[in-house]
Structures are given as structure tokens and as C-alpha cells.
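Quick note on labels: first sequence line is chain A, next is B, and so on, each numbered from 1.
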Amino acid sequence: MSTEEKPEPAPPTNFIREIIDADNLSGKFGGRVHTRFPPEPNGYLHIGHAKSICLNFGLALKYGGKCNLRFDDTNPAKEDVEYVDSIQEDVRWLGFQWDNLLYASDYFETIYQYAEQLIEKGLAYVDSCTTDEIRQLRGTLTHAGKPSPYRDRSAAENLDLFRRMRAGEFPDGAHALRAKIDLSHANMNMRDPLLYRIRHAEHHRTGNKWCIYPLYDFTHGYSDSLEGVTHSICTLEFENHRPLYDWLIDVLGLYHPQQIEFARLNLTHMMMSKRKLLELVETKSVTGWDDPRMPTIAGIRRRGYTPEAMRAFCEEIGVTKFNSLTEIVVLENAVRADLNKRANRVMAVIHPIKIVLENYPDDQVEELDAINNPEDPSAGSRRVPFSKVLYIERDDFMETPPKQFFRLSPGREVRLRWGYLITCQSVVKDPATGEIIELRCTYDPLTRGGNAPDGRKVKSTIHWVSAAHAVDAEVRLYDHLFSIPNVADIPEGEDWKNYLNPKSLVVVPAAKLERSLVTAQPGDRCQFERLGYFCVDKDSKSDKLIFNRTVTLKDEWAKIQKKQGA
RNA sequence: UGCCUGAUGGUGUAAUGGUAGCACGAGUGACUCUGGAUCACUUGGUCGAGGUUCGAAUCCUCGUCGGGCAACCA
């Protein structure tokens, strides 16, 4: 240790770790840390869930504790095994392994017994009001509720009714079990909350064994308690439920986990509502749950994001109780940072324009050395074919360039990456439309590899592909799903789908790729030099390659253009 | 009109009564065979008003503003 060394940066912390540290110090849970990730299998997981997953599993890892994956499957009407499967895949993909794979439905019998105990203690009753009546009697935010006419049934009558509910004697909605707490409680959740409802529905795990199902509040805390969870971490909207969570556990004298709430993730140009995501899928606004524009984990995986980048992102954004809106560039930056280190560079021309090297021998082909990843010497190098007719990016040429544009233009010399220095001699246009269809250039034979023996410099290096050797591929250019930053700003009553970005997907049917890409396999990631990071789509075939743009590279020129336009 | 909860640069997040720091963004420059990467520097903040204290982002009081809550959803 030298005195010159900078002081160690403080380890990143958050209020939940502080609570755990304090609990460990006081011995509240005997030094144990046990968390759980409790998704309802009613949709695909999204980036917001990734935050929760990283938090819960990360805490267990950090403290040498445990983390369960528990499906909160108490509503058979909305749930499905498709979701159960996708959720497990997503958690694994993120790099986490649960200690126990559990289902709230595993506890249905135990929880049912708890309900009977509550009835026997006079703390729960069967209400035979309709949904409307219950709503009426519950009162409002500012006015106390009134007791149901069935509130004072005897324990024996309640027990009899409840058992007959379970036995299937009643149709849906005929009765419901309610906790007997306080109809004038300031917290609406404490105004005799419903505990069980009758649902003659087949459950994806328990089949037709049950026709009554417990509600979230009645199930969740008991599940935590049964599993020995220490810190039950959930999002802010459950804050008002904590008194009920505590009450239900305490009246039965059960082991009491601590519920802690944190703010869910919001991202600009994104939307995290499961319901609306489902709507996008059902209205075919996107191709499915794993459409690369979706904020789902399946979507961003298909888009080419890495689990490492996702975990780094979740670490980066922190955990608080503040309702925040994180800029999407933070996410994009995380994947750039990761891929910059590991993605091999290749050359691909997305919007090609043909150039002909007038002084290059007609049938000559050279194999030029190209480094695969300047950030990683161990990635080695490859050979790329060079010939008389090439494609370059249309944007890399301007006939009348503005001051700050230093790519190709008439009379100007630029470097072809790993190739030669070339100079544009003339422009060939379609006489009918005036459109530029070809550039006539000359190359300097002395500059093979990209350096001039006389030491002269060029301002720009551009990418290219040999026309004769090019591989065609479909390239899907993705952009933000929403055109506005804050989806929450959309006025109530207005159709939020009007704010979808019409250019969130631009398909380029025939981009020109360098030869080495013919063998690209689904899932492969690479950087198209100067354009961005791309990955091979799962639908890609050897005779029809498909690439997804994960994220563009930072683009200084685009920034300059934007400034000039403004 | 009730209850719960929150407020630190443009954004996100540290500080636990003792120099307001970090990351991203933005700006400037260096370097560069990717207008990438990297490096350096700069910019800019404690919601308001009182109070306690030698000292307050932090504690107290009163405001202001934001979020959540009235499914037999989770």
C-alpha cells in the first residue's frame, strides 16, 4: 500500500442493504438472509422484473443467503404454463439459480387451514353480499365503510359455509371469505379485505382440485412465512398492504418476515405495464412477447443484449423508494460497454452505393488482414477479400460536403478500413432521376493495409464490402418503441398506441456483408464497424441471414448534424 | 376530504450531525486505421420557510410539490 493510492471508493449500497445489515447486527433473523422472487405467471417478465430479480438474488448472493423462485399462482383465470416456463428461462438467462422452485399453489391446503383458524378465532367471516354490495359498503377514501349484514355470523355457521364453498356447493361469487378487521380503517386494505373467492376454474397446477382460491394478500405473507423468508421485497404499491401482511401473520402467531418496498423501474421511451404489453402482442403491434422492441427479457435477449449488461445496468440504477424515470441511454450504454469488450468487428454495408476503382486490375482479388477486435488481441484476425468493385455506405459520401463532413466527396481521399487509400474522381448519376448510382474512384497501390509510405494522413476511414464477395442479409434496425420519453405523460383517455414510434423497426432486405459472415449462427453477436452492435436473429437461416441491431454506436457526426439542423 | 409514502445537478444515485461525491448526459481538448473505444478537464444540485446545533442534505416544526390506495387482480 503506497500513500499515493487513491482512497477505496465506498462500496455501493442501498437502503435495503442497510436494513439487512441492521438486522444482522441485532440478530433479528439470526443472521439469515432469505429472499424470494414472486412473479405471477400471467405474462412475460420485463426489465422491471430484471431489477427485482437482480435485487433479490443479488442480496442472497451477497449475504451468503438463499433466494427462492416462487410463482404467485392464485388466479387461474389469468395464468398459464407458457408463462411459468418463460419466467424460469429468463431468470436462468440472467444468470441466477434459485434455491427452491415453489408455487403459492403448493400451500393451498395449509392456507386453507389458516383460513379455518381465522374463522374459529372470530377473525374471518363468510360474506354473501354481491360484489357491488361489498363495494358500496366498503365506503370511500374519505368515508368509513359499513358492516355487511353477514358480518356477525357465528364461527360455526362461517365454518360450515366455508367448507361448503370448498366442496363446490355454490356458484362463483355467491359467497366470499373476508377478514374481520375494521370497516372504518383509514387504510382501505384493512376494511375487511377479501381472503377467498369462489372460482370454478381449472388451475394450471392443481387442476380441478379447488374451486375456491385465496387472494394475493391472504397468500403472499403466509407463503413468505412458510418458506422462512427474512426480507420480503416488493414494489411501492404494496406499501399500503403491509399492515394487512403483518396482521394476518401476527393473529396466527406465525413466523414473521419483514416486508420492504422499493420503487419499480421506469425507463424513457418504454412501457412496463404487463397489461399493455399483452395488448401490444394481441393487437399484433409487435410480433410477439419476444419482439426485439419489447421491454421483455425475452425481447431484449433476442435484441442481442447480454445478461452481463443487464446485471451491470441493474447495479447501476440503484434501489430507492423514489419514483424515478431512468433514461434509456443508461441501458444502451450498459450493453455498449459490455459488447465493446467482447464483440468481434466485421464490415457490413447497410445502405450500399457502388464504387469502381478505375485503376484496379479487373480480375484481381486480394485477401487483406483485418483485426477482429482492437479491444481484445486474443480475438485474432481474419482475411477480407478486396476487388475492383466495392460497396460503401451511402451516408459516407456527400457530393457537396458541409465543413465538418470529412468522409468521401469528389476529389477527396479517404481510407478503406484495412484496405487502400482511395480518391473519388467522379460521380455517376441516373440521367432520369439525378440519383447517384455509382462513384468512380482511384486507389493508391502503395497504401495497401491503409498506410501511405509518404506519411500523409487522411481524415476518415470508412467501411466497405467487395461486391463480388458480398453476402446478402436482411437487417432489422430497431429503435425506441415509443416516440415520447415519458409514457406516463400520455393524457388519460387518449390511446397510448398513438405514441408508438412508427420507425421502431426498419427492415433492410438486402444489406451487404463481408464474406466471413456466411457462417453466422443465431445468437452470434458482432459489431458492424461504425454502425452498431448486431446479433443474428433466431429466425436466421444459412440461406437467409437475418441480423438485429442491438444498439447503434455513439455517433458524433449525428450529433453535429442535429446541431446544424437546430 | 382520508391514509401511506417520497423529494440531492438534465437523469439516476451516494452521504447516516463534520470538505455534497460517483455514473450517465452535456461541453472542451488529447489520442485514434471505427466521427467507436480510451484519457484529461469543465459544467451543474440538497423543494421552500422557520427552528435545534459550534456545525444540518441529514434532527424538529410548518408548508409546497410528486407517487400509491376504494378488483371476488397481483
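The partner of B:C59 is B:G51, by the rule that a Watson-Crick or G-U pair needs both atom distances under 3.5 Å. Pairing partner, B:C24: B:G10, with both Watson-Crick or wobble hydrogen-bond distances short of 3.5 Å. With a 3.5 Å ceiling on both atom-pair distances, B:A15 lacks any Watson-Crick or G-U wobble partner. Searching all strands for a Watson-Crick or G-U wobble partner of B:G66 with both distances below 3.5 Å returns B:U5. Base-pair partner of B:G29: B:C39 (Watson-Crick or G-U wobble, both distances under 3.5 Å).
Ranking B:A74, B:G12, B:A37 by closeness to the A:K554 side chain, first place goes to B:A37. The nucleotide whose nearest atom lies closest to any side-chain atom of A:L325 is, among B:G12, B:A37, B:C69, B:G12. Taking the side chain of A:K321 as heavy atoms from C-beta on, and the options B:C72, B:G35, B:G6, the nearest nucleotide is B:G6. The nucleotide whose nearest atom lies closest to any side-chain atom of A:N333 is, among B:C4, B:C24, B:C73, B:C24. Of all nucleotides listed (B:G35, B:A14, B:A71), B:A71 comes nearest to the side chain of A:R138. Closest to the side chain of A:F405, out of B:A70, B:G35, B:A74, is B:G35. In this structure, of B:A70, B:G27, B:A14, it is B:G27 that holds the atom nearest to the side chain of A:K559. The side chain of A:T320 lies closest to B:U13, out of B:A74, B:C73, B:U13. Checking B:U34, B:C72, B:G68 against the side-chain heavy atoms of A:R530 singles out B:U34 as nearest. You'll find that the side chain of A:E327 is closest to B:G10, out of B:G35, B:A70, B:G10.
Taking the syn range as angles within 90° of 0, the glycosidic angle of B:A70 is outside it, so the base is anti.
Just one of A:K180, A:R178, A:R151 meets the side-chain hydrogen bond (donor to acceptor under 3.5 Å, both in side chains) condition when paired with A:D192; it is A:R151.
In the interface, the side chain of A:Q527 is paired with the base of B:U34 through a donor and an acceptor atom under 3.5 Å apart. At a cut-off of 3.5 angstrom, counting only N and O atoms as typed in the model, there is a donor on one side and an acceptor on the other between the side-chain of A:E375 and the base of B:G36.
For A:K459, the NZ atom sits in a loose shell: 12 or fewer heavy atoms of surrounding residues, nucleotides or ligands are nearer than 6.0 Å.
B:U11 and B:G67 are spaced 15 Å apart, taking the P atom of each and rounding to whole Å. Remark: the separation of the C1' atoms in B:G45 and B:C24 is 16 Å, to the nearest Å. Comparing B:A57 with B:A7, their C1' atoms sit 11 Å apart, to the nearest whole Å.
Between the side chains of A:S381 and A:N372, no donor-acceptor pair is found at a separation under 3.5 Å.
Atom CZ in A:R342 sits about 18 Å away from atom C1' in B:G36, given to the nearest Å.
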